[in-house]
Amino acid sequence: MAVNRSPIFDKITDYKDPHQLRADGLYLYMRKLESSSESRVIVNGTELLMFGSNNYLGLTTHPKVKEAAHKALERFGVGAGSVRLLGGTFGLHEELERRLAEFKGTQAAIAYSSGYVSNLATISTLLSKESEIAVIDEKIHASLLDGLRFAQIPFRVFDHNDMADLKNKLEASAGKGNLAIITDGVYSMDGDIANLPEIYALAKTYNAIIIIDEAHATGVMGAKGRGTPEHFHMHGKIDIVMGTLSKGLGGIGGFAAGPADVVDFLKHTARGFVFSAALPPAVCAGLIAAMDVIETEPGWLVRLHENANLMRNGLKQLGYDTAASCTPIIPVMVGEDLTAHQLTRALNALGIYVSAVTHPAVKRGTARVRVSVMATHTPEDILKALNAFERARKMVPGLASGSTSASRTSPAAAEPSSASKSLTTTSVAA
């Protein structure tokens, strides 16, 4: 019997991208891991060097982190049983939040079920469409943008890390609403850092608050791994600090840290907190232990940046364009989407796990292979990866001629951001 199919599903039929990649033998998303997420992983029975993980310090499998989580698992089980507001708050939740606030130099913190939820819920709860205007970097994470969209907050977009343009957008917004500057600390697709000192100075000039997403900076940036503000000697000076617990800290969840009254308000009104099940106590225990490791074993942070520098400098010597990266996130800019997929396939065949980042995650003409370095990589791992990049160039038609940079793409090929630079509630490139 024929079943009438709703037009709602037409968009699914029209979505061809994954099917075409599979047909071309280029689909390498969602590769199934058959081992723990470490510097070496097993995929389809084959060992690969993992350069596609955000487990920057290797804390996901650190013995002290695993031991703490195991003990809590034995005592409390696999879940919290309820939302935090009703029956799901354990002492480990409160201890985690206390430690996060201390780590970030704030009065208090709130722990969410994911980094995405923390950004969406915090922004959509703190800001209102009637009285606030957000001024955002064009490359902020999608979760921040979705928080603005969810609450219909008007926003202006400034060119990436362009402080003159930020000043212009603040000037255009002054007197029209309460201002909030929203930025990433470390940008996930480019590996560069927000110009936080100048953002801070402009915020003071225009009486704006700063909301920063420290997803890729927590545990990674600063002398003690406390994030971008610490990196710039501004620890504890930012109004609202948010982020994930799944990258540098090696677990799962998200957080927002700031003044105690703001955090208390979020705990009672942020829908992403009130209506989400609490983090499992075992996860909380592991995250607390992860912060202990960061504080007592600083060598991991040192090694992380040594490895990142070795990889970045090696890629540059091979002629690859790594954009403005100065963190463990290193984009290898190739320009065209097809080239990024072909390079990813070639590297996979050579034993290196990386990921292609293409449109719409980035603008057309700026596709890249993203390399994420870990503290647990050895120098030999880095050198093996560099050797693979050298060999892969000869295997990829778009690179064989030596063209390895998106900067060689015609300017006309790169789309402008989908966000208007005027006052808007429309989208911006994630």
- Item | salt bridge (charged side-chain N to carboxylate O under 4.0 Å, His left out) contacts in which one or both residues fall within residues 44-62, not counting sequence neighbours |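 Residue pairs passing salt bridge (charged side-chain N to carboxylate O under 4.0 Å, His left out), neighbours aside: R40-E47.
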- Message: Suppose the criterion is salt bridge (charged side-chain N to carboxylate O under 4.0 Å, His left out): which pairs have a residue in residues 216-235, not counting sequence neighbours?
- Response: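 Salt bridge (charged side-chain N to carboxylate O under 4.0 Å, His left out) check on residues 216-235 returns R226-E230.
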What are the two closest non-hydrogen atoms of [X] and [Y], and how far apart are they?
{"X": "A111", "Y": "R84", "answer": "O-NH1, 4.1 Å"}
{"X": "L350", "Y": "K384", "answer": "O-CE, 4.4 Å"}
{"X": "L399", "Y": "R393", "answer": "O-CG, 3.2 Å"}

So does [Y] get a backbone contact from the side chain of [X], meaning a donor-acceptor N/O pair under 3.5 Å?
{"X": "S114", "Y": "V117", "value": "yes"}
{"X": "E38", "Y": "T61", "value": "no"}
{"X": "N55", "Y": "S37", "value": "yes"}
{"X": "T358", "Y": "D337", "value": "no"}
{"X": "R370", "Y": "I330", "value": "no"}

Drop me the distance from [X]'s [atom1] to [Y]'s [atom2], to the nearest 0.5 angstrom.
{"X": "I240", "Y": "I211", "atom1": "CD1", "atom2": "CD1", "answer": "6.5 Å"}
{"X": "S124", "Y": "L148", "atom1": "OG", "atom2": "CG", "answer": "9.0 Å"}
{"X": "L196", "Y": "T183", "atom1": "CG", "atom2": "OG1", "answer": "7.5 Å"}
{"X": "R303", "Y": "H377", "atom1": "CZ", "atom2": "NE2", "answer": "11.5 Å"}

- Task: Can you tell me which residue pairs pass the side-chain hydrogen bond (donor to acceptor under 3.5 Å, both in side chains) test with a partner in residues 21-30, sequence neighbours excluded?
- Result: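 Qualifying pairs: Q20-D24.
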Measuring only between side-chain heavy atoms, which start at C-beta, is [X] closer than 4.5 Å to [Y]?
{"X": "I199", "Y": "D137", "value": "no"}
{"X": "K104", "Y": "L100", "value": "no"}
{"X": "T218", "Y": "T244", "value": "no"}
{"X": "I294", "Y": "F103", "value": "yes"}

- Identify, with sequence neighbours excluded, every residue that meets salt bridge (Lys or Arg N to Asp or Glu O under 4.0 Å) alongside K267.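 Expected list: E97.
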- Message: Please enumerate all residues that pass salt bridge (Lys or Arg N to Asp or Glu O under 4.0 Å) together with R312, with sequence neighbours excluded.
- Response: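 Per chain and number, R312 pairs via salt bridge (Lys or Arg N to Asp or Glu O under 4.0 Å) with no residue.
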- Contacts of K247 that satisfy side chain to side chain donor-acceptor pair (under 3.5 Å) - sequence neighbours left out: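 Applying side chain to side chain donor-acceptor pair (under 3.5 Å) to K247 gives none.
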- Task: Please list, chain by chain and in numerical order, all residues satisfying side chain to side chain donor-acceptor pair (under 3.5 Å) with Y116, sequence neighbours excluded.
- Result: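 Scan of Y116 (side chain to side chain donor-acceptor pair (under 3.5 Å), adjacent residues dropped) gives D146.
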Who are the side chain to side chain contact (heavy atoms under 4.5 Å, CB included) partners of [X], not counting sequence neighbours?
{"X": "D184", "answer": "I140, H141, L144, Y187, D213"}
{"X": "N168", "answer": "D165"}
{"X": "S35", "answer": "V41, I42"}

- Message: Could you tell me if S173 and Y206 have a donor-acceptor pair between their side chains, going purely by distance under 3.5 Å?
- Response: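 There is no such pair (donor and acceptor under 3.5 Å, judged by atom type) between the side chains of Y206 and S173.
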Return all side-chain donor-acceptor pairs below 3.5 angstrom for residues 63-70, not counting sequence neighbours, or 'none' if the list is empty.
from, atom 1, to, atom 2, distance (Å)
K64, NZ, E297, OE2, 3.0
E67, OE2, K71, NZ, 3.4

- Decide yes or no on side-chain hydrogen bond (donor to acceptor under 3.5 Å, both in side chains) for R31 and N44, but give the supporting numbers first. CA-CA 8 Å; R31 281 166 276 181; N44 293 327; over 6 Å; no
- Message: Name the residue from P280, S246, S113 that meets the side-chain contact (heavy atoms from CB on, under 4.5 Å) definition with I252.
- Response: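 Only match with I252 under side-chain contact (heavy atoms from CB on, under 4.5 Å): S246.
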- Among residues two or more places apart or on two chains, list those pairs meeting ring pair (Phe, Tyr, Trp, His ring centres under 6.0 Å) that have a residue in residues 235-258.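 Those involving residues 235-258 do not exist here.
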